[in-house]
There are 2 protein chains.
Amino acid sequence: MNSPAFRDWQSVQDEVLRRIRTRMWEPGAMIPNEADLAVEFGCARSTVNRALRSLAEAGWLDRRRKAGTRVAAQPIAKATLSIAVIRHEIEERGQKYSYQRVARTLSVPPLDVSAAMRMPAETVMLYIRALHLADDMPYALESRWINLQVVPGAQDEPFQNLSANEWLLRHAPYSDGEIAFSAVNAGEDEAELLACPEGAALFAVDRLTWDGDASVTKVRLLFAPGHQMRTKL
Amino acid sequence: MNSPAFRDWQSVQDEVLRRIRTRMWEPGAMIPNEADLAVEFGCARSTVNRALRSLAEAGWLDRRRKAGTRVAAQPIAKATLSIAVIRHEIEERGQKYSYQRVARTLSVPPLDVSAAMRMPAETVMLYIRALHLADDMPYALESRWINLQVVPGAQDEPFQNLSANEWLLRHAPYSDGEIAFSAVNAGEDEAELLACPEGAALFAVDRLTWDGDASVTKVRLLFAPGHQMRTKL
DNA sequence: CAGATTAATATGTGCATGCATAAAAACATT
DNA sequence: AATGTTTTTATGCATGCACATATTAATCTG
């Protein structure tokens, strides 16, 4: 049936997605080419292109030049997690945010840290440990190493009331980053700070940022037990 | 300086991103409008639009009609995690994948499961528990409830050698999904199956899929200790 | 017939243009 | 001054077209 009118790319996208989800177009199967779909939907090829490109980005379609477009055999669900600044995360839920600096020292980081940051083992860095609280309950524990060779200005900051994260966002240029999620058991001091039993399973987020070849900062966020990151599929 | 030539949208994107990262355009600040940028870069406005739209999708820019485009004050880092089929995840690392069904029963799920799936508390569902192994080492434990009212065909499947995930991908239409990541302590049976100490911190992925208003399946994947999900920022 | 060359084809992208839409700013009205 | 209306403006998007590029299919050649 020649469908009535798919005038904008979103409606084309919706229709294509519907066909994929209802298995009208089966996983792995080829779908008609852009020109044919444009005719069927009664719109321009670029509109179809926009819709299909967007679906390919989301992992629903595999596209290759000349080879054509096929439904992903393997819908690699791309879960997009928004890593907001913790203060905003908390305030958006209507809770009271507070921040508590636990430690601030100049010292030589453990070997795994200096290695990950690709700095000589004996390099002195700025270490900040702080607690983020929601409604006065521990929410996340932040442990951060800052490369003073890249961000010398950090040395003059107390980070007493302002989280290092927010300061760095504003002052430290960077070009790259990696992020990793994992689960770890709470150590003795971590358990105390987060007010949870030792050994509790904590959701951990590790971030490492680079400015060119130089590492800017390495941070681990340990969330209080029960923390979840959610997203639509 | 009138820059030499930004002929394609990716080079425009790179240049804009460079300006953001080097703080030439500061967080929260407005940037020139599309038309002006098009002139500066010597390309069409649609090319600039393509670049800026892409950066906005990635969370670097905030765009509003008429209001203009500004650098995100809050680079909500959108970490895009690829949730692949476990078999592929393992095989892509060059390891041997194997699958072991641990349990398959027809039973009434716990209350939290039937509630989450929005089904009457006494509804009988198909329960599958299976172990995914990499090089014969436990990799992830899958515990799944399948709504037989939506996917009746699952009742005839043994899921002895084929993971429920892959079977469902191929046979169950769906329209929606939620995914959540968290950390949990290994229970007694989980520890045994994953060959880890009881109480170990496990990375958990919970997925719930819907076909319209009806829940299709609810699955929890518990990964062996040490598991990480990584992504570029 | 194997291997290299060429043609055909689907997607990828750029451009110019025009109109749509949201929202701010200017203006008018009570 | 408070409120409602119009104008202006930046982004959003559809279209038609041309050309680029990656690949497959067809064809040629030794």
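Proteins come first, then strands; the chains are lettered A, B, ... in the order of their sequence lines, and each starts at number 1. Note that these values count all heavy atoms, side chains included, but never hydrogens, waters or copies made by symmetry. Quick caveat, the model's predicted, so the values are computed rather than measured.
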Visitor: Take the C1' atoms of the five end pairs on each side of the helix from C:dC1-D:dG30 to C:dT30-D:dA1, derive the two axes, and give their angle rounded to 10 degrees.
Guide: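 The angle, to the nearest 10 degrees, is 0°.
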
Visitor: Quick test of your reading: applying ring pair (Phe, Tyr, Trp, His ring centres under 6.0 Å), list the pairs with at least one residue in residues 206-225 of chain B, sequence neighbours left out, ordered by first then second residue.
Guide: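 Pairs touching residues 206-225 of chain B that pass the test: B:Y139-B:F223, B:F223-B:H227.
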
Visitor: In chain order, what residues pass the side-chain hydrogen bond (donor to acceptor under 3.5 Å, both in side chains) check against A:R65, with sequence neighbours excluded?
Guide: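 Expected list: none.
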
Visitor: B:W167: what forms a ring-ring contact (aromatic ring centres under 6.0 Å, His included) with it, not counting sequence neighbours?
Guide: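 Counting only residues at least two positions away or on another chain, B:W167 forms a ring-ring contact (aromatic ring centres under 6.0 Å, His included) with B:F159, B:H171.
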
Visitor: Could you tell me the separation between the CG atom of B:L37 and the P atom of D:dG12, rounded to a whole number of Å?
Guide: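 Computing the B:L37:CG to D:dG12:P distance gives 13 Å.
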
Visitor: Sequence neighbours left out, what passes side-chain hydrogen bond (donor to acceptor under 3.5 Å, both in side chains) with A:N49? Give chain and number order.
Guide: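 For A:N49 the side-chain hydrogen bond (donor to acceptor under 3.5 Å, both in side chains) partners, ignoring immediate neighbours, are A:E34.
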
Visitor: What's the CZ-P distance between B:R50 and D:dT11, to the nearest Å?
Guide: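 Result: 17 Å.
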
Visitor: What integer distance in Å separates A:D62:CG from C:dA10:P?
Guide: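 Checked: the CG to P distance equals 18 Å.
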
Visitor: What integer distance in Å separates A:W9:CH2 from D:dT11:P?
Guide: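 That distance rounds to 18 Å.
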
Visitor: Are A:R21 and A:E26 ion-paired here, with the side-chain N under 4.0 Å from a carboxylate O?
Guide: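 Judged by the 4.0 Å cut-off on N to carboxylate O distance, A:R21 and A:E26 do not form a salt bridge.
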
Visitor: CG of B:N33 versus P of D:dT8: gap in Å, rounded?
Guide: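 To the nearest whole Å, that distance equals 17 Å.
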
Visitor: Just wondering, do A:W145 and A:V219 contact through their side chains at under 4.5 Å, heavy atoms?
Guide: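 No. Closest side-chain heavy atoms not under 4.5 Å.
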
Visitor: Taking the basic N atoms (NZ, or NE/NH1/NH2) and the acidic carboxylate oxygens, is any pair closer than 4.0 Å for B:R220 and B:D206?
Guide: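 Here B:R220 pairs with B:D206 in a salt bridge, since their nearest N and O are under 4.0 Å apart.
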
Visitor: What nucleic acid atoms does B:R45 come within less than 4.0 Å of, heavy atoms only: base, sugar-phosphate, or nothing?
Guide: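 B:R45: base contact, heavy atoms under 4.0 Å.
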
Visitor: At less than 4.0 Å, is any side-chain N or O atom of B:Q10 found next to OP1 or OP2 of C:dT13? Yes or no.
Guide: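 Looking at the OP1 and OP2 atoms of C:dT13, one of them is under 4.0 Å from a side-chain N or O of B:Q10.
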
Visitor: Within the pair A:R53 and C:dG12, is there a side-chain N or O less than 4.0 Å away from OP1 or OP2?
Guide: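 For C:dG12, OP1/OP2 do not have a side-chain N/O of A:R53 under 4.0 Å.
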
Visitor: Which heavy-atom pair separates A:S215 from A:M117 by the least distance, and what is that distance?
Guide: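 Closest approach of A:S215 to A:M117: OG-O, 2.7 Å.
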
Visitor: Return no unless some side-chain N or O of B:S46 is found under 4.0 Å from OP1 or OP2 of C:dA16.
Guide: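 Answer is no, no contact under 4.0 Å.
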
Visitor: Determine: side-chain N/O of A:N49 to OP1/OP2 of C:dG12, distance under 4.0 Å, yes or no.
Guide: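 So the side-chain polar atoms of A:N49 do come within 4.0 Å of the phosphate oxygens OP1 or OP2 of C:dG12, strictly under.
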
Visitor: What nitrogen or oxygen pairs link the protein and nucleotides 21-25 of chain C at under 3.5 Å?
Guide:
from, atom 1, to, atom 2, distance (Å)
C:dT21, O4', B:R65, NH1, 3.0
C:dT21, O3', B:R65, NH1, 3.3
C:dA24, OP1, B:R64, NH2, 2.7

Visitor: Are OP1 or OP2 of D:dA10 and a side-chain N or O of B:R63 less than 4.0 angstrom apart?
Guide: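 Negative; the distance criterion is not met.
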
Visitor: Flag the pair B:E142 and B:R129 as a salt bridge only when some basic side-chain nitrogen lies within less than 4.0 angstrom of an acidic carboxylate oxygen.
Guide: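 Salt bridge absent between B:E142 and B:R129.
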
Visitor: Under 4.0 Å between a side-chain N/O of B:T69 and OP1 or OP2 of D:dT11, yes or no?
Guide: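 True: B:T69 side-chain N/O within range (under 4.0 Å) of D:dT11 OP1/OP2.
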
Visitor: How many whole angstroms separate atom CG of B:L55 from atom C1' of D:dT11?
Guide: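 For the pair B:L55 CG and D:dT11 C1', the rounded distance is 15 Å.
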
Visitor: Measure from CD on A:E34 to P on D:dT15 and round the result to the nearest Å.
Guide: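 The distance from CD of A:E34 to P of D:dT15 comes to 13 Å, rounded to the nearest Å.
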
